[in-house]
Amino acid sequence: MRIEPLGETIRLRPGEPLMRGAQRQGLSWPTICHGQAFCGQCWVRVTDSAEPLPEPDAKERNALRAVPSHLQGPTVRLACQLKPTGTITVERAQVSRPAPTPKPEQGQAE
Amino acid sequence: METLDGGARVGDAEDLFDPPPLKPEPEHPPLYMRDVLARDPFPPPANMFEDQQAYLGSGPIPASRYFSRDYAALEKEKMWSKVWQFACWGHDIPNPGDIHVYRILDRSVLVVRQRDGSVKAFVNACLHRGRELCETHTHQNELKCPYHYFTWGLDGSHKWTPAKWDFPQLDEKKFSLPEIRVEEWNGFLFVNFDTDAPNLASYMGSRFLDHWKGWDFSNRYKAVHVKKTINCNWKAGMDAFIEGFHAFASHSQGAAISCEDIGQFDIYDDAPHMSRFILPLGMPSFRLDPRPDDATAFEYMCAGFLPEALGTDEGRLQPGEDARAGSARVARKSYVKKYGIDPATVSDSEALDAISYFMFPNFMPWPTLAYPLVYRFTPLEDPDWCVWETMLFHPFTGERPPSCAVNDLGTDGSMVDDATELGGLALVLHQDDVQLPAVQRGMKNLASGELILTETQELRIRHLHKVLEDYINR
Ligand code: FES
Ligand SMILES: [Fe+2]
């Protein structure tokens with residue numbers, strides 16, 4: 001997965017939601033509910049995807065209502081819910097890599 | 001994650017992944033509401049600086065007050081029978097013969113527009129065998145009981161007795177409908193069952209009346225009225241609307257534009273029935289990590305108030321403008337467009353902020369254009385249930401538009417799907433609608449039997465309990 005405008009590429013485990021994979025690899029991701037599909041803060045815009053994206057389930061659709069209306073759109077998804085099946089590029093300005101990088105785990109950066 | 005018998009694993013090792021902890025919050029954020037108000041380019045009315053927080057301590061509240069039938073009985077006997085309570089918006093009964101039926105627990109009151117434009121209120125029971133004279137909001141030329149046609153005039157005077165020959169005991173001159181006290185404030189009608197109570201103005205208190213001098217509702221009409229019967233105690237419902245503390249978690253979508261963590265919570269010794277909060281909008285919560293910058297907060301506000309300005313010069317922060325000042329600018333512009341109001345009459349705070357007043361026990365008016373709300377929670381006989389009403393009062397010019405119809409969602413209707421007239425508020429109320437029944441269930445489970453509250457952010461909940469207890473212990 002490529003994250004813009006940060007410009008990092010990370011590898012997700014099979015079936016792993018975007019946000020969790022990013023957090024596991026030390027990225028800071030905007031969230032309040034930490035993946036409960038409630039706060040909608042983790043939204044991303046998917047700008048490119050090799051495989052068709054899985055449709056949002058009811059839980060994700062419900063929480064997508066919490067994304068500010070001017071940002072909503074068919075390519076906007078919740079990073080805490082979206083489990084891509086192929087390579088994708090997403091855009092979210094507030095994703096960052098905090099200064100003290102935690103030691104890398106398996107599922108390392110590409 | 002292991003199953004209880006220690007057998008098959010139902011998750012995998014990744015489930016043990018710990019998300020990063022939330023930001024520690026050991027101190028008040030580096031700013032107070034009064035600082036925000038003081039540096040607003042267009043300053044607010046003076047009353048908003050009256051942040052006299054009486055201190056109510058940090059003690060717990062017994063949870064049983066929210067579900068005990070004995071406590072509900074005390075509320076009914078000692079409080080609801082003594083207080084001035086919001087019955088209806090006066091313009092809901094504009095014409096002679098218009099009748100509003102106000103229900104509170106097992107009592108019911110007819111609020112009746114008179115031929116001379118004044119209002120009278122009566123006990124809603126036929127003096128014959130007690131049938132309710134009206135069951136819902138209606139228009140009548142006289143008050144005629146549907147059961148046997150005993151009839152009274154709109155002013156409550158007796159008019160007709162069926163089979164008069166068979167009621168030798170009746171003195172028709174003394175057979176008027178018993179009146180209930182009713183008084184008006186700012187277009188709202190209040191009733192009181194207690195014949196000895198002070199009048200409405202002294203009940204509300206001069207501080208409340210002074211605060212509201214600049215907030216005249218004579219140019220407002222009721223544009224939205226949504227009603228829902230909800231599975232929580234009336235106080236549990238109220239609690240969610242007199243604090244802002246839950247907004248960050250429950251209404252996270254607002255965190256980039258609303259900073260309730262520095263809100264102002266006011267109660268006053270000289271105005272025992274009143275409380276207030278002011279929560280700043282147009283600035284991100286200090287609890288957000290990372291905290292969005294001014295441009296982002298402004299963009300979100302602009303999208304809400306003036307979406308057509310996004311991408312234009314107007315939709316960008318001007319030199320020297322912070323998110324709050326820019327937000328006030330676009331908000332004011334939207335009010336001019338929507339309501340035709342004079343922008344010179346709306347301070348930054350009045351343009352943006354969530355300002356909520358509470359007049360004990362059932363009237364929660366929000367004075368400003370940002371959220372022109374009135375909330376009301378009405379207990380039902382079962383303390384686990386109440387009726388939750390949300391009204392929006394919009395300004396108008398020219399002829400007064402009629403009040404909207406009530407959208408009654410019953411117990412199952414959805415704020416987001418069935419009350420779209422609420423606009424952006426629908427999602428917020430839906431989120432509360434999801435929380436409240438779970439609060440009601442959970443409170444009964446508390447091992448300690450006690451609720452703990454913050455000192456300031458939930459001060460108004462403490463105040464609600466204090467006033468209530470004062471009545472109960474009277
Ligand atoms: S992290 Fe809260 S909805 Fe995705
Ligand atoms: Fe809420």
Side-chain angles (χ1 to χ4, degrees), chain A residues 5-6 11-43 58-59 61-73 76 78-80 83 91-102 105-107, chain B residues 11-23 246-258 261 284-285 287-293 295-311 315 414-417 420 423-431 434-435:
Chain A
L6 182 65
R11 190 179 289 277
L12 298 170
R13 291 171 174 163
E16 186 177 49
L18 294 187
M19 181 173 89
R20 178 141 133 207
Q23 288 180 329
R24 184 171 54 75
Q25 293 169 73
L27 294 184
S28 155
W29 203 285
T31 173
I32 292 178
C33 74
H34 279 277
Q36 298 184 60
F38 194 79
C39 71
Q41 296 282 318
C42 63
W43 66 270
K59 198 172 152 195
R61 279 201 310 274
N62 195 37
L64 276 167
R65 288 169 157 158
V67 176
S69 51
H70 70 293
L71 300 171
Q72 289 178 13
V76 171
L78 295 186
C80 74
K83 301 167 183 161
E91 208 178 77
R92 179 66 205 265
Q94 284 85 5
V95 176
S96 64
R97 179 168 294 283
T101 315
E105 292 177 52
Q106 329 134 309
Chain B
D12 60 29
E14 290 169 41
D15 283 340
L16 295 175
F17 165 72
D18 268 337
L22 296 173
K23 189 167 112 182
H246 72 287
F248 184 73
S250 296
H251 312 301
S252 315
Q253 72 276 11
I257 53 164
S258 115
D261 32 330
S285 170
R287 303 176 68 188
L288 268 184
D289 186 21
R291 192 168 183 241
D293 58 13
T296 307
F298 172 70
E299 180 195 318
Y300 283 29
M301 289 298 280
C302 188
F305 278 114
L306 211 59
E308 65 273 24
L310 285 175
S414 148
M415 292 286 178
V416 262
D417 298 327
T420 45
L425 204 58
L427 175 63
V428 175
L429 300 190
H430 170 71
Q431 290 163 332
V434 169
Q435 302 284 1

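Below, read A as the first sequence line, B as the second, and so on, with proteins coming before strands; counting in each chain starts at 1.
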Restricting to non-hydrogen atoms, name the atom on [X] and the atom on [Y] that form the minimum distance, rounded to 0.1 Å.
{"X": "A:Ala66", "Y": "B:Gln253", "value": "O-CB, 2.9 Å"}
{"X": "B:Ala255", "Y": "A:Ile32", "value": "CB-CD1, 3.7 Å"}
{"X": "A:Pro68", "Y": "B:Tyr300", "value": "CG-CE2, 3.3 Å"}
{"X": "A:Arg65", "Y": "B:Val416", "value": "NH1-CG2, 3.5 Å"}

Most contacts with chain A, counted as non-hydrogen pairs under 4.5 angstrom, among B:Glu299, B:Gln431, B:Lys23
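The option with the most such pairs is B:Glu299.
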Between [X] and chain A, with a heavy-atom cut-off of 4.5 Å, which part of the residue counts as in contact: side chain, backbone, both or neither?
{"X": "B:Pro290", "result": "side chain"}
{"X": "B:His251", "result": "neither"}
{"X": "B:Ile257", "result": "neither"}

Close side-chain approach of B:Ser252 to A:Gln41, heavy-atom, < 4.5 Å:
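Yes, at least one pair of side-chain atoms sits under 4.5 Å.
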